[in-house]
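Just so you know, these numbers come straight off a predicted model, no measurement behind them. All chains are named by letter (A, B, ...) in the order of the sequence lines, taking the proteins before the strands, and each is independently numbered beginning at 1.
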Protein chains: 2
Amino acid sequence: MMAKQAPFPHRPARPSIIAGQLTELLKTLQPGERLPGELTLSQQFGVSRNTVRDALAALQHDGAVVRQHGQGTFKAAARVPLHASLNRMLPVPELIRQSGYTPGVQNLILATEPADEDTALALGIEPGQSTRTIEMLYMAGEQPAVQIRYTLSPALLRAVPDWADFTPQEGVLGFIVRHWPGAVSHSSTQISAVLATQEMARPLNVAVGAPLLRFMTLGIGIDGTALYRNVSYQSGEFLDVHILRPV
Amino acid sequence: MMAKQAPFPHRPARPSIIAGQLTELLKTLQPGERLPGELTLSQQFGVSRNTVRDALAALQHDGAVVRQHGQGTFKAAARVPLHASLNRMLPVPELIRQSGYTPGVQNLILATEPADEDTALALGIEPGQSTRTIEMLYMAGEQPAVQIRYTLSPALLRAVPDWADFTPQEGVLGFIVRHWPGAVSHSSTQISAVLATQEMARPLNVAVGAPLLRFMTLGIGIDGTALYRNVSYQSGEFLDVHILRPV
DNA sequence: CAGTGGTCTAGACCACCGA
DNA sequence: CGGTGGTCTAGACCACTGC
């Protein structure tokens, strides 16, 4: 016991600090090499074993280390390259950045429209209720990467009514998080494949009839209600989208 | 202190037991209704607050409850329906079952082939090394759902040499986990959209040129090496694949 | 057997919320 | 202010591994 806290309040959570330091340590190790034991690490960093374990669990989660019961923790043999990961919600520009491209935007369209039946069902509102739509084309460098169309729920518009200073560069998710921190909980994305129609083909610079990835995402608020829906199309050529998942 | 353990060793981890009991409790609540506080729950279940928190975190993770700092834990307003979720690694038949269909198999082909350059690179082996391939067509009820082709690494074949009692019904992942528990750590899946070629179109019962989802998955072992690779094609019509992800 | 990671506990302090 | 969830600690016991 005697749970003395650190002299300063811990803004960046302790485990993530430790994880950072462990990442540095990992750079000095060969793949397959063993790390010090949890007890040793906890003494070295001056934190409890639980905190070290949290840090190691995070590193294990994204494949940086490998842990085996009676043996130890080892630097992973081959780290899976995580280009654009679907494991966490990320604003689209951030996704493009993680893929190694410079994000850009074209054809931004904002409008206020009544919800059609499909959207209303997804958002849990009445058809015809007024919604804000945002449509844009994200670029990866010079190349069009993602065509995306958001529909914002009335609830979201009530909470964040002023979209005057919205910039596509931070993305819709980024904007919401900045104006209403803690509002978004998670998202549910459905994936499908479609053929490019004329109106998608032009902006995305692909042939009509080319195969496109379609993502239909529902943004869920902390109270469990739908905050927004978006439908995006991409050729997949520029965003190499990955999912990393545990057994 | 005084960390008295339960009278019996805890095979199913305590938090998951608690999570199950909490799920029962949730059924008696209305959406939005508050759960008892963590302290109360920990006393009720006779476990520590940390254990209750682990259970609640799990429920929160799949969207069953919503937690707000100074306020409490609430039953989620609308639970996201999780058909076939890509959040964890699952054998394909299990995925089909979760979508509400009865899984079946057709056209099982096993062969031993030298690795082509592409596969060798993915598996981290030399081109031409001998690999086992498994190719099959999974059915969702009467309808063809997923065409999938596995390539097993030599390392996996050394560890699990006997595939005589492999049944497609349990899936390749299921078979590996049964024969070599703890061997698989996670997987990395890359998603793309393609047009059905003649050879895919026939078994999947779609038109040539129809849009198909293509999943390229690399199975990673606990030591970080690649255990298998698979490429699967599906029309997406029968497997409504979802990803749930946190902010 | 000693050392490792895996699990759980009891308790402390913190930050946040509503009355 | 009291109650809530969020964080971290110190320490116990367990299960697994290799010597």
Q) Looking at residues at least two apart in the chain, or sitting in another chain, which of them share a side chain to side chain donor-acceptor pair (under 3.5 Å) with A/Q44? A) none
Q) In terms of ring plane angle, is the pair B/F175 and B/F166 parallel, tilted or perpendicular, where the classes change at 30° and 60°? A) perpendicular
Q: Tell me whether the OP1 or OP2 atom of D/dG11 has a side-chain N or O from A/S48 closer than 4.0 Å.
A: no
Q.
As an exercise, state the distance from CG of A/L157 to CH2 of A/W163, rounded to the nearest 0.5 Å.
A. 7.0 Å
(Q) Output the rounded distance in Å from CG (B/N50) to C1' (D/dG11). (A) 13 Å
Q) Mapping B/L56 and A/V47 to their closest nucleotides on DNA chain D, which lands nearer the 5' end? A) B/L56
Q: To the nearest Å, give me how far apart CD (B/Q43) and P (C/dG11) are.
A: 11 Å
Q.
In whole Å, I'd like the distance from the CZ atom of B/R14 to the C1' atom of D/dA15.
A. 16 Å
Q: Return the value, rounded to whole Å, for the distance between atom CG of B/L39 and atom C1' of C/dA12.
A: 13 Å
Q) For B/Q68 and C/dG18, what is the distance between atoms CD and P respectively, to the nearest whole Å? A) 9 Å
**Q.** Of B/T73 and A/D54, the one whose closest DNA chain D nucleotide lies more 5'
**A.** B/T73
Q. Rounded to the nearest Å, what distance is computed from the CD atom of residue B/E38 to the P atom of nucleotide C/dC16?
A. 16 Å
Q: Select one nucleotide: of D/dC13, D/dG6, C/dC8, the one nearest the side-chain heavy atoms of A/R49.
A: D/dC13
(Q) Strictly below 4.0 Å: does B/R67 bring a side-chain N or O up to OP1 or OP2 of D/dG6? (A) yes
Q) Can any side-chain N or O of B/S187 pair as donor or acceptor with the backbone N or O of B/G219 at less than 3.5 Å? A) no
Q. Would you call A/R149 and A/E113 a salt bridge, taking side-chain N to carboxylate O under 4.0 Å as the test?
A. yes
Report, one pair per line, the protein and nucleotides 17-19 of chain D atoms (nitrogen or oxygen only) whose separation is under 3.5 Å.
none

Q | Whole-Å gap separating P (C/dC8) and CG (B/L41) | A | 17 Å
Q) Does A/L95 offer a backbone N or O that forms a donor-acceptor pair with the side chain of A/S99 under 3.5 Å? A) yes
Q) If only side-chain N and O atoms of A/R53 are considered, is one of them under 4.0 Å from the OP1 or OP2 phosphate oxygen of D/dC8? A) no
Q.
B/Y228 and side-chain contact (heavy atoms from CB on, under 4.5 Å): which single residue from B/T133, B/L173, B/L218 fits?
A. B/L173
Q.
As a test of your reading of the structure, name each stem of DNA chain C as range with range, where a stem is three or more consecutive Watson-Crick or G-U pairs at under 3.5 Å.
A. C:1-16 with D:3-18
(Q) If we ignore hydrogens and angles and just use 3.5 Å, is the side chain of A/Q71 paired with the main-chain N or O of A/Q68 as donor and acceptor? (A) no
Q) More than 12 foreign heavy atoms under 6.0 Å from CD of B/Q30: is that the case here? A) no
Q: Provide, to the nearest angstrom, the distance between the CZ atom belonging to B/F74 and the C1' atom belonging to D/dG5.
A: 11 Å
